[in-house]
Amino acid sequence: MTANLLGTANTSAVRYLDDLDLGHKWTSAGRTVTEYDVVTFGTWSGDMHPLHTNEEYAKTTEFGTRLFHGPGALSLAFGLEMALGWKNGSAIAFLGIDNWRMSAPIRIGDTITVDEVVTNIRPSSTKPDRGVVTTRVRILNQNGAVCQEGDWVVLLSRRPM
């Protein structure tokens, strides 16, 4: 799948549990990771590891340069995914992340996108107004390489009567 590096996402209208099908897909707009992102995430998280903060140290690693924090990229992915709009007004709660893997580094200057596909839909057996949706989420760089991926689980409303 080619990453959408344009300034606009494939934004969708709000979707309720009843509106989704297995295989439903979205791709976010691109966002370039900046020096500011590294400094800000390092400062508020307290993660000041030299791989993120010291270029001379980072040159001695297998990466050859400083990297953006893995959890920082996950945080950016939350924003890119929410900007798609399909859960705005229908999501009740974020229930968790399963099987999350960080498989490739994200460097300052990389442009990331998020793609998402519905992999499971389960109406609640006790509360008929909701259900659980699982999506496979991937963070891709500008070359289409998967940098991080896993399953996001969300409690979603059913379409109001």
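Everything numeric here is computed off the predicted structure, so don't read it as measured data.
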Of all heavy-atom pairs between [X] and [Y], which one has the smallest distance, and what is that distance?
X	Y	result
A73	F68	N-CE2, 3.2 Å
D151	W100	N-CE3, 4.4 Å
A29	L80	O-CD2, 3.6 Å
P105	C147	O-SG, 4.0 Å

[Y] backbone acceptor or donor facing [X] side chain under 3.5 Å:
X	Y	value
R15	A13	yes
T135	V137	no
N143	A145	no
S75	P71	yes
T32	T111	no
T134	V153	no

Would a 4.5 Å heavy-atom cut-off, applied to side chains only, mark [X] and [Y] as touching?
X	Y	value
L22	T119	no
L17	R130	no
D21	V118	no

With the 4.5 Å side-chain cut-off for hydrophobic clustering, are [X] and [Y] part of the same group?
X	Y	result
V114	V154	yes
M82	L140	no
I108	W44	yes
F63	I112	no
I139	L76	yes

What's the separation between atom CG in N141 and atom CD in Q148, rounded to the nearest 0.5 Å?
11.5 Å

What distance do T65 atom OG1 and Y57 atom OH have between them, rounded to the nearest 0.5 Å?
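OH of Y57 is found 13.0 Å from OG1 of T65.
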
Is [X] salt-bridged to [Y], cutoff N-O under 4.0 Å?
X	Y	value
R158	D18	yes
D115	R138	yes
R136	E149	yes
R66	E55	yes

Does the plane of the ring in F94 sit parallel, tilted or perpendicular to the ring in W152? Use 30° and 60° as the thresholds.
perpendicular

For the residue pair W26 and H24, does the interplanar ring angle fall in the parallel (under 30°), tilted (30 to 60°) or perpendicular (over 60°) class?
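Aromatic pair W26/H24 classed parallel.
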
Using the side-chain contact (heavy atoms from CB on, under 4.5 Å) criterion, which residues pair with S157? Sequence neighbours excluded.
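side-chain contact (heavy atoms from CB on, under 4.5 Å) list for S157, sorted by chain: Y16, I92.
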
Which residue, T113, D110, D37, forms the side-chain hydrogen bond (donor to acceptor under 3.5 Å, both in side chains) with R31?
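When T113, D110, D37 are each tested with R31, the side-chain hydrogen bond (donor to acceptor under 3.5 Å, both in side chains) holds only for D37.
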
Testing L95, L20, I121, V132 one by one against L156 for a side chain to side chain contact (heavy atoms under 4.5 Å, CB included), which residue passes?
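When L95, L20, I121, V132 are each tested with L156, the side chain to side chain contact (heavy atoms under 4.5 Å, CB included) holds only for L20.
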
Partner of H69 by side chain to side chain contact (heavy atoms under 4.5 Å, CB included), out of L51, D47, I106, L74:
D47

